[in-house]
Amino acid sequence: MRRRSSGARAPLRPPRGRVALLALFLLAAAAPARAEDGHSLWLRYPRVSDAARLREYRSAIACVRLEGQAPTLRAAREELSLGLGGLLGRVVPLACPAGAPALVAGTPASSALVASLGLGADLRALGDEGFLIRMVVTGGRRALVIAANRDVGVLYGVFDLLRRLQTQSSIANLRVASAPRLRLRLLDHWDNLDRTVERGYAGSSLWDWAALPGTLSPRYRDYARANASIGINGAVLTNVNANATVLTPAYLAKVAALAGVFRPYGIQVYLTARFSAPIELGGMKTADPLDPAVRAWWKAKADEIYRYVPDFGGFLVKANSEGQPGPQDYHRSHADGANMLADAVAPHGGIVMWRAFVYSAGVPTDRIRQAYDEFHPLDGAFRPNVMVQVKNGPLDFQPREPFSPLFGGMPKTPLVMELQVTKEYLGQRNSLAFLAPMWKEVLDADTYARGPGSTVARVLDGTLHGYARTGIAGVANIGDDTTWCGSDFNQANWYAFGRLAWNPGLTSVQIADEWIRMTFTNDPSFLEAVEAMMMGSREEAVNYMTPLGLAHQMATGHHFGPAPWAWAGRADWSPPYFARADTLGIGFDRTASGSDAVAQYFPPVAARFASRDSIPDAFLLFFHHVGWHERLRSGRTLWDELVRRYDAGVATARANVRIWEGLRGKIDTVRFDRASANLTAEAAEARWWRDASILYFQTFSRMPIPMGHERPAHTLDYYETLRCPANPRRPSCDGI
Ligand code: BDP
């Protein structure tokens with residue numbers, strides 16, 4: 001039986017017209033008792049709990065003037081009604097009696113009042129998506145103004161203001177000017193047409209292809225609202241391991257229906273293009289990108305797509321990677337392939353995002369070198385509407401990796417950074433891991449491409465190399481689960497991704513703080529404790545899974561749980577290949593005496609990574625093979641330090657269970673108990689990781705577990721034979 005999406009709950013459905021008023025009365029009345037199930041994400045809009053703030057907001061916003069019938073303005077108005085109705089605990093009229101302090105929102109074109117305020121110069125700097133919020137006095141009356149150049153900027157401004165009210169910050173002297181630093185802020189859905197989700201841990205795909213285009217789940221709009229609230233402006237609907245069927249007319253009609261729901265919220269749709277589609281759909285003998293008939297096929301296909309979706313964003317392509325077809329099948333380069341597709345969409349303003357995630361077991365060099373080796377020489381060979389999409393690290397979404405050397409290494413090619421919001425390698429469903437600190441680590445890393453200060457964020461935002469196009473993509477963690485993301489805490493990563501995409505300069509703490517307040521409560525004691533848990537959670541996962549720069553020690557295939565011993569059929573998928581443990585030591589020598597991957601970085605970075613004196617402990621074993629008895633900065637031997645780190649991860653996981661338990665009663669029981677179960681499971685999984693890894697590496701180090709450290713719960717044999725999870729969709733394992 002197909003699972004129906006469960007999104008029709010009243011609080012999330014933006015009301016309309018008269019129904020809106022009624023809904024708001026009901027909503028306001030029902031607010032305190034509303035059941036929490038996680039579905040409302042960070043858009044719950046409960047009544048403001050701080051009495052002084054509530055008074056402040058009520059006296060500043062007696063009514064709303066947001067005129068205009070354009071769909072985006074309507075969406076902004078509906079959100080304000082819903083949000084203010086809930087937060088202020090009363091209906092806020094959409095018409096203003098004389099003298100009433102008003103919230104005024106619009107563009108100079110949609111609102112005469114906004115046009116009269118003379119904001120022209122300030123607005124110009126904010127582009128198509130930016131907005132400003134200001135308290136002004138006009139005609140002797142106070143007004144809170146949200147102004148933007150385009151309707152979508154008004155919508156973003158509305159969400160920004162609602163965030164301020166949700167987090168209970170003062171709006172007394174508000175003077176906000178905000179514009180996104182990155183132009184494309186995309187979610188990549190690895191969703192298949194049968195509604196399975198590759199690396200999805202949150203149920204089935206949201207896209208109910210069978211019911212589309214005739215039936216539109218209310219969740220589509222909620223999804224769009226959630227994205228717009230954090231500035232996400234594009235969705236790649238389909239898996240990078242692509243199925244050409246989505247390019248057929250029947251599916252394009254479904255895509256068009258989704259695009260229609262998303263459009264008012266400023267979200268463009270994109271599709272993955274299977275490179276062999278001309279063969280599979282067009283009945284051709286080849287997909288050679290230099291073949292005129294193949295090129296003509298793609299041009300016609302692009303024209304057809306734009307007939308269905310006039311503002312279609314473009315294609316995302318995984319080619320010649322992990323078995324996917326691509327131009328190299330015809331001895332053509334990645335640039336040949338990308339340019340062919342780019343030419344097809346260019347007349348319509350579309351783009352191609354061509355992934356640099358390529359490596360091959362047939363290539364004898366270190367796997368992490370291969371993307372750079374392949375793409376660096378192609379810099380300058382791509383059409384202007386091609387962006388190369390690069391994963392944050394050179395390997396594959398590990399709990400910790402250095403930044404990819406392609407950042408800074410492609411000065412003539414706009415790069416999109418790809419992050420993984422879904423936690424394939426980070427504990428999947430149970431783990432707390434809040435990923436903002438991980439993403440910040442990469443964004444703030446200095447590539448030295450143009451001397452000090454050449455951060456990855458500046459590569460991405462175009463200020464370093466003058467890229468004409470800029471963007472960032474996150475592999476979504478969203479499914480049809482009630483919580484959308486498989487757990488309440490996983491929602492924080494969707495949220496953080498959007499916030500950082502808008503402004504990579506935000507701090508992780510700030511993002512966590514906002515998210516906790518909006519998702520759970522403004523209660524300071526809860527906030528402080530949960531913020532600390534979240535901020536430490538990624539380092540915790542690094543510690544119990546892959547400390548000191550280890551990588552890819554996960555079980556084969558599903559990547560859940562430890563299997564440092566596992567040979568996966570090919571070396572470059574196998575944990576022992578990455579850890580290189582032997583009787584002398586552990587770690588992958590990527591200095592000049594090894595694979596020399598360090599040479600792909602700019603000299604100051606290469607030198608820092610290459611030297612044992614300057615390599616941060618966090619990347620030690622990623623770049624160096626280190627003797628078991630060698631002493632690290634701490635003065636401890638590598639072996640002792642390794643055990644200590646694993647233990648630290650377990651200790652944090654256990655502490656989180658206790659800290660959370662101490663917060664009982666501060667939020668609703670449904671979400672509290674659910675998180676409790678996740679944290680308990682994570683503590684068990686952390687121990688499993690630690691025990692299995694230490695026991696396995698001990699067979700090489702032959703050193704004892706230092707005094708004062710817990711003995712493993714089981715034998716290595718036990719862990720090696722454990723099949724866990726038997727069912728990869730199960731959140732947890734027995735027997736660990
Ligand atoms: C790997 C995933 C695989 C993806 C691949 C990719 O295990 O499912 O298809 O990344 O990014 O990490 O293409």
Side-chain angles (χ1 to χ4, degrees), residues 186-194 196-202 205 236-243 246 270-276 315-326 328 334 337-338 352-361 367-368 370-371 374-375 387-401 404 406 415-429 433 435 438 442 472-479 493 497 541 545-546 551-561 563 566 568-575 577-578 725 728-729:
L186 313 179
L187 282 181
D188 288 0
H189 289 266
W190 284 0
D191 292 18
N192 299 313
L193 301 184
D194 63 2
T196 57
V197 180
E198 179 146 344
R199 312 308 179 181
Y201 313 103
S205 168
V236 182
L237 300 180
T238 45
N239 191 357
V240 285
N241 297 318
N243 182 338
V246 78
Y270 299 74
L271 293 173
T272 46
R274 184 160 164 88
F275 201 77
S276 51
F315 292 127
L316 170 64
V317 187
K318 172 176 177 177
N320 293 120
S321 164
E322 300 185 331
Q324 295 299 307
Q328 293 179 332
H334 283 283
V352 169
M353 289 168 285
W354 192 271
R355 294 177 92 225
F357 179 65
V358 297
Y359 64 95
S360 155
R367 172 174 158 182
I368 77 151
Q370 294 181 26
E374 188 78 46
F375 277 84
M387 302 181 78
V388 169
Q389 182 157 312
V390 181
K391 290 189 180 182
N392 57 287
L395 181 47
D396 194 0
F397 295 141
Q398 295 304 296
R400 171 167 277 128
E401 286 182 57
S404 163
L406 281 168
L415 301 182
V416 180
M417 181 158 78
E418 181 176 318
L419 301 169
Q420 199 178 40
V421 187
T422 190
K423 292 197 290 206
E424 174 180 358
Y425 300 94
L426 275 128
Q428 301 178 3
R429 191 161 165 158
L435 302 181
M438 172 161 102
V442 181
I472 192 164
V475 178
N477 62 351
I478 299 163
N493 292 322
F497 170 74
M545 291 180 181
T546 48
H552 217 308
Q553 298 301 295
M554 295 78 196
T556 305
H558 53 66
H559 299 151
F560 182 77
R570 57 188 262 190
D572 60 359
W573 285 349
S574 302
Y577 166 90
F578 293 104
R729 288 191 152 238

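In listed order, ligands and their atoms are each counted from 1. Here the structure is a predicted model, which is why all the values come from computation and not from measurement.
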- Query: Do the ring planes of Y425 and H552 sit parallel (below 30°), tilted (30 to 60°) or perpendicular (above 60°)?
  - Reply: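 The arrangement is perpendicular - the two ring planes meet at more than 60°.
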- Task: Answer yes or no: is there a donor N or O on one side and an acceptor on the other, between the side chain of Q324 and the main chain of N320, under 3.5 Å?
- Result: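 No; zero donor-acceptor contacts below 3.5 Å.
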- Verdict with reasoning, V390 to F375, per side-chain contact (heavy atoms from CB on, under 4.5 Å): CA-CA 10 Å; V390 181; F375 277 84; over 6 Å; no
- Message: Tell me whether E418 has any N or O atom under 3.5 angstrom from an N or O of ligand 1.
- Response: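 No, no N or O pair falls under 3.5 Å.
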- Query: Less than 3.5 Å between some nitrogen or oxygen of Q420 and one of ligand 1, yes or no?
  - Reply: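 In this structure, Q420 places no N or O atom under 3.5 Å from an N or O of ligand 1.
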Shortest protein heavy-atom distance from [atom], along with the residue and atom involved:
atom	value
atom 8 (O) of ligand 1	E198 OE2, 2.4 Å
atom 13 (O) of ligand 1	K318 NZ, 2.6 Å
atom 5 (C) of ligand 1	E322 OE1, 3.3 Å
atom 7 (O) of ligand 1	E424 OE2, 2.5 Å

Do you know the tightest heavy-atom contact between [X] and [Y]?
X	Y	value
D191	V197	OD1-CG1, 3.4 Å
V358	A319	CG1-O, 3.7 Å
A242	T272	CB-OG1, 3.6 Å

- Item | Interfacing atoms of ligand 1 (cut-off 4.0 Å, heavy-atom, Y425) |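 In order of numbering, the contacting atoms are 1 (C), 7 (O), 12 (O).
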- Query: Numbering the atoms of ligand 1 from 1, which are under 4.0 Å from a heavy atom of D396?
  - Reply: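 Listed by number with element: 1 (C), 10 (O), 12 (O).
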- Does ligand 1 have an atom that lies less than 4.0 angstrom from a heavy atom of K391?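 Yes; K391 lies near enough to ligand 1 that a heavy-atom distance drops under 4.0 Å.
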- Counting heavy atoms only, which part of N241 comes closer than 4.0 Å to ligand 1: side chain, backbone, both or neither?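 Contact part for N241 vs ligand 1: side chain (C-beta onward).
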- Item | Partner residues of D396 under the salt bridge (Lys or Arg N to Asp or Glu O under 4.0 Å) criterion, sequence neighbours left out |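 Residues passing salt bridge (Lys or Arg N to Asp or Glu O under 4.0 Å) with D396: R367, K391.
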